[in-house]
Peer 1: 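I have a structure I would like to understand better, so I am pasting it below and will then ask my questions one at a time.
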Protein chains: 2
Amino acid sequence: MPKRKERGAATVTILDVARHAGVSPMTVSRVINGHSYVGEEMRQRVEASVKALRYTPNLAGRSLRSSGSARIGVLYSNPSAAYLNQFMLGVLEQGSQSGSQLLIEKCSGIRSQRAATERLLAAGVDGVILPPPLCDSRSAVEELESAGVPVVAVATGSPMDGVASVRIDDYQGARAMTRYLLELGHRDIGFIKGDPQHTPAALRAAAFFDTMKEAGLAVPPGRIAQGLFTYRSGLAAAEQLLKAPNRPTAIFSSNDDMAAAVVSVAHGLGLHVPEELTVTGFDDTPVATTVWPELTTIHQPVAAMARAAMVLIQDEIRRKRSGRPKAATHQVMKFTLVKRQSSASPATSA
Amino acid sequence: MPKRKERGAATVTILDVARHAGVSPMTVSRVINGHSYVGEEMRQRVEASVKALRYTPNLAGRSLRSSGSARIGVLYSNPSAAYLNQFMLGVLEQGSQSGSQLLIEKCSGIRSQRAATERLLAAGVDGVILPPPLCDSRSAVEELESAGVPVVAVATGSPMDGVASVRIDDYQGARAMTRYLLELGHRDIGFIKGDPQHTPAALRAAAFFDTMKEAGLAVPPGRIAQGLFTYRSGLAAAEQLLKAPNRPTAIFSSNDDMAAAVVSVAHGLGLHVPEELTVTGFDDTPVATTVWPELTTIHQPVAAMARAAMVLIQDEIRRKRSGRPKAATHQVMKFTLVKRQSSASPATSA
DNA sequence: CTGAAAGCGCTTACAG
DNA sequence: CTGAAAGCGCTTACAG
C-alpha cells in the first residue's frame, strides 16, 4: 500500500498535477521547465492544473536528479561587511534555488589565502567564485585552475582571458555620473579616487578625466584626492578638497563609503548638501540610503551579480563534467544612475 | 549496467563510504547523524572512511527523504537595507542547509500586509518568520495562525504567548552599555531614544534610566532626545543634545544608524570622538564599522537569530505534521558589548 | 546493534 | 510530441 499521503498537510507533487491534468508526470515536467515541444493543448491543460493545485516544484527532488548538486566555494578577503552581505545574499539565493552546496572561506594575506584554497580543494569543491578584491588575484586563480577547478571572478576591472567573470562597466558608470553632474551645471568638480589596488578604481577615475576633458574642462590637481574606498580615507580626502581656497561645487567619490564621509565633512563645515555642495557616490551599498541626505550614486546590482556568478560557475561545472571546453563567459551587467537627495544644480550664487 | 560512475568528477556518496568501511549505508547514515546506538568499533571505522574519502552528505538527497522540505515564508516591511541583508543571510544559510524552500514577501502598510499574507498562504507555506517590526504585528500573527500556519517572531521586545520567538535581551544589553559608560567614568550621559513603535526601543530606554538611577545619577530631560532609529532622526537628536549649554561627555544612542549621525554632528561641531565625546550605538550593523571612528556598540547576532528562527519554525512545522502541540519556544540569544574606537574615558578637563 | 527494502519528488535517457 | 522505466543520494520504517 502506498503511503504517499500520510502527512496531514497536502503537499502537491508533480504526480498530483499529472493526475489532475490526465497526463504523465514527464509532460508536466516538460511544461514546467519550458522544455522541448509539448502540444499546445496539453501545455494549457497542465498549466491550468498547476494553477488549480498551486503546485510549486520541490527543488530538492529536482536538484537530486539533475546534476545541479555541485559544491561551490566562495573565497573572500577584505570584508566590507555591507558589500559582502549583499553578495552572499545573491549567492545563497541562487544556491538554494539550484540545490548547490556552498563552502565559504575567508582569508587575509597570501599565506592564509593558500590555506583557504587548500581547504576548499580538500572539501572537493567543483568550482569557486571570487568576489572583489580576490577577483584580481592571479595566484588564487592559478592555484584553483591548476587543480582543475573552474573559477568565476566578480566585479573585476580587468577580466582575465580564459576566466569567466561578471561585472558592470565601471568606466561607463563613472562616465554616466560625470555627465549627470555636468548636465546639472557643475563645472568645477572634485574627484576622490579609490584604492589603487582595486582594478575598478582606475577605470572610474579614467572615465571621470576623459569625460571632463571631452567637455573641455580642465581638472586641476587640487581637485583630485586619493582615497582607499574606506570612510576614514574619505574623511581625509574630503577635508583636503573642501578646505581648498575656493572649493568645488560637486564632489564625485569613487564609492559610497567615501561619499558618506564627504557628506559628514561638508556638514561639519556648515555646507548644506546638496544646496551648496553636490556629493555623489558609487555602488549603492546600504550606507547610501542610511546617511542623510541619501546619496545619488551608481547602482551596482551586487546580489544579481552574485546570482549570475553562480549560474556561470554551474555552467562551467556542467561543461567540465561532460568533457566540453570552458566557456569563460564575460558577463557585463547593467548599472543604473540612482538620483537621490545629495545632488542638485550648483547655487547660482556660487 | 549501473551508470553510477559516469561523471568525470568522482562524487563520493554514502554508498562509497559504506563500501570503503565494509558496512551498510544505513550504518553510515546513523554515524553521520549521530543517531541511536552504533557499535564503537563500527563508528570509528565509518568515521575513518568518511575522512579518507572526504565525504560530505548531499543535502538534496537528505532533505528529499526527511520531511525537511518545508516551505517557509519571510514577511517583512520597513526595510533597513543593512539589517535585512544580514537577516536574510541567516535565513538563506539555514534554509539551504535544511533544504527548505523560502518565499519572501515584502509589504508596507496594513493593506499590502494582508495581500502579502494571502500570497504566502496561497503558495502553501508551512510556516512564516516575522522579522522586526512585523514581529509585533498582532494582525499579521493572527491571520497566519488562524490559517493554521505557525509563526516565529524575531527581535520583538514583547514576545506573545503561544508564538515562538527569538530575540536578545534588549534590557540587559542597554544595561550593559550604560554600565560600561559609567565604568569609563562618564556621569553626564545623553540618551537618544528609538522609534516608539518598535517594542525594543522602550526596553533600551528603560534600562538606561534604571541603571543611571541605580548609580545615583539623575538624568535631566535635556539629556534625552527622541529618535526614530534613522540616521536623519539621529542628526536632529544629536544637534539637540550637543548644542545644549554644557554638553554631556557621552551619548548612548538606541541604534547604530543614529549613533553614526551623532559622530557626524560631533565632527561638525569640532568635537573629537572619543576624546571629547564618547558615542555608542546598538545592534552592530555594518554602519558601525563603516564610519570613523568605528562604533562601540551592542552586537546583536542578526544572522544567528535568523538561523535560530528557521530552526524553530521547522520544529513547529514538524510538530504540526505529527500532530503534536505547539512548542512556542522563546529563545533568548546572547548579545556582546563590542568596544571600538568611539568610546573612552571623559577628558579630565571636562 | 545492524541491514535489506522501499520511496522521498523529480528528471534523464530511452522508446515509441 | 508523449510516456514507462530507472535512478539521483539519502533516510524512514521494518526486520532481525
Side-chain angles (χ1 to χ4, degrees), chain A residues 1-7 9-19 21-46 50 53 55-71 98-101 318 321-322, chain B residues 1-7 9-19 21-46 50 53 55-71 98-101 318 321-322:
Chain A
M1 191 201 287
K3 34 179 132 172
R4 189 164 295 132
K5 280 286 170 191
E6 70 181 8
R7 280 207 214 137
T11 309
V12 183
T13 79
I14 202 170
L15 249 141
D16 299 316
V17 178
R19 249 188 312 254
V23 299
S24 79
M26 257 328 297
T27 303
V28 177
S29 170
R30 280 194 268 255
V31 170
I32 293 165
N33 296 286
H35 277 339
S36 53
Y37 308 83
V38 181
E40 189 48 34
E41 189 236 7
M42 278 223 156
R43 146 159 286 116
Q44 299 203 349
R45 208 151 24 115
V46 171
V50 165
L53 300 180
Y55 169 72
T56 23
N58 179 321
L59 302 172
R62 171 179 293 174
S63 80
L64 192 53
R65 195 61 185 104
S66 328
S67 59
S69 69
R71 206 160 285 173
S98 60
S100 306
Q101 284 180 259
R318 229 171 288 125
R321 282 182 178 163
S322 60
Chain B
M1 189 201 290
K3 34 179 135 176
R4 188 165 299 132
K5 280 285 168 190
E6 69 180 9
R7 281 209 215 137
T11 308
V12 183
T13 78
I14 203 170
L15 249 141
D16 300 315
V17 178
R19 249 187 314 252
V23 298
S24 78
M26 255 330 296
T27 302
V28 178
S29 170
R30 281 193 266 254
V31 170
I32 293 164
N33 296 287
H35 277 340
S36 52
Y37 307 83
V38 181
E40 190 48 34
E41 191 235 8
M42 277 221 155
R43 147 160 285 118
Q44 299 204 348
R45 210 150 22 114
V46 170
V50 165
L53 299 180
Y55 169 72
T56 23
N58 179 319
L59 303 174
R62 172 178 293 175
S63 80
L64 192 53
R65 196 59 186 105
S66 328
S67 59
S69 70
R71 207 160 284 173
S98 59
S100 307
Q101 285 181 258
R318 228 171 289 125
R321 280 180 180 165
S322 60

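First the proteins, then the strands, lettered A, B, ... as listed; each starts at 1.
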Peer 1: Assign each of Glu40(B) and Val28(A) to its nearest nucleotide of DNA chain C by heavy atoms, then name whichever residue's nucleotide is nearer the 5' end.
Peer 2: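 Closer to the 5' end of DNA chain C: Glu40(B).
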Peer 1: Please state how far atom CD1 in Ile14(B) lies from atom C1' in dG7(D), giving the value in whole angstrom units.
Peer 2: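 Rounding to the nearest Å, CD1 of Ile14(B) and C1' of dG7(D) are 16 Å apart.
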Peer 1: Applying side-chain contact (heavy atoms from CB on, under 4.5 Å), name anything that partners Glu40(B), two or more places apart in sequence or on another chain.
Peer 2: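 Once residues adjacent in sequence are excluded, the partners of Glu40(B) under the side-chain contact (heavy atoms from CB on, under 4.5 Å) criterion are Arg43(B), Gln44(B).
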Peer 1: With 3.5 Å as the limit, what N/O pairs link the protein to nucleotides 3-6 of chain D?
Peer 2:
unit_1	atom_1	unit_2	atom_2	d
dG3(D)	OP2	Ser24(A)	N	3.3
dG3(D)	OP2	Ser24(A)	OG	3.2
dG3(D)	OP2	Thr27(A)	OG1	2.4
dG3(D)	N7	Arg30(A)	NH2	2.5
dG3(D)	O6	Arg30(A)	NH1	3.4

Peer 1: Provide, to the nearest angstrom, the distance between the CD1 atom belonging to Ile32(A) and the C1' atom belonging to dT11(C).
Peer 2: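 After rounding, the reported distance stands at 11 Å.
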Peer 1: So, do Ile32(B) and Val17(B) sit near enough that their side-chain heavy atoms are less than 4.5 Å apart?
Peer 2: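 When only atoms from C-beta onward are counted, Val17(B) and Ile32(B) do not touch, as no gap falls below 4.5 Å.
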Peer 1: Please check the phosphate of dC10(D) (OP1 and OP2 only) for any side-chain N or O of Ser29(B) closer than 4.0 Å.
Peer 2: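 Result: no.
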Peer 1: For the residue pair Pro25(B) and Ala18(B), what are the closest heavy atoms and their distance?
Peer 2: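 Shortest heavy-atom separation between Pro25(B) and Ala18(B) comes out as N-CB, 3.6 Å.
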Peer 1: For DNA chain D, list all stems, counting runs of three or more consecutive pairs where every pair is Watson-Crick or G-U wobble with both distances under 3.5 Å.
Peer 2: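 If one scans DNA chain D for consecutive Watson-Crick or G-U pairs, the stems found are C:1-3 with D:14-16, C:5-12 with D:5-12, C:14-16 with D:1-3.
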Peer 1: If you round to the nearest 0.5 Å, how far is CZ of Arg19(A) from OG1 of Thr13(A)?
Peer 2: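 So the gap between those two atoms works out to 6.5 Å.
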Peer 1: Does the side chain of Val23(B) come within less than 4.5 Å of Met42(B)'s, by heavy atoms?
Peer 2: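 Contact flag for Met42(B)/Val23(B) side chains = yes.
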Peer 1: Counting C-beta onward and ignoring hydrogens, is there a side-chain heavy-atom pair between Tyr55(A) and Ile14(A) closer than 4.5 Å?
Peer 2: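 With C-beta onward as the side chain, the pair touches.
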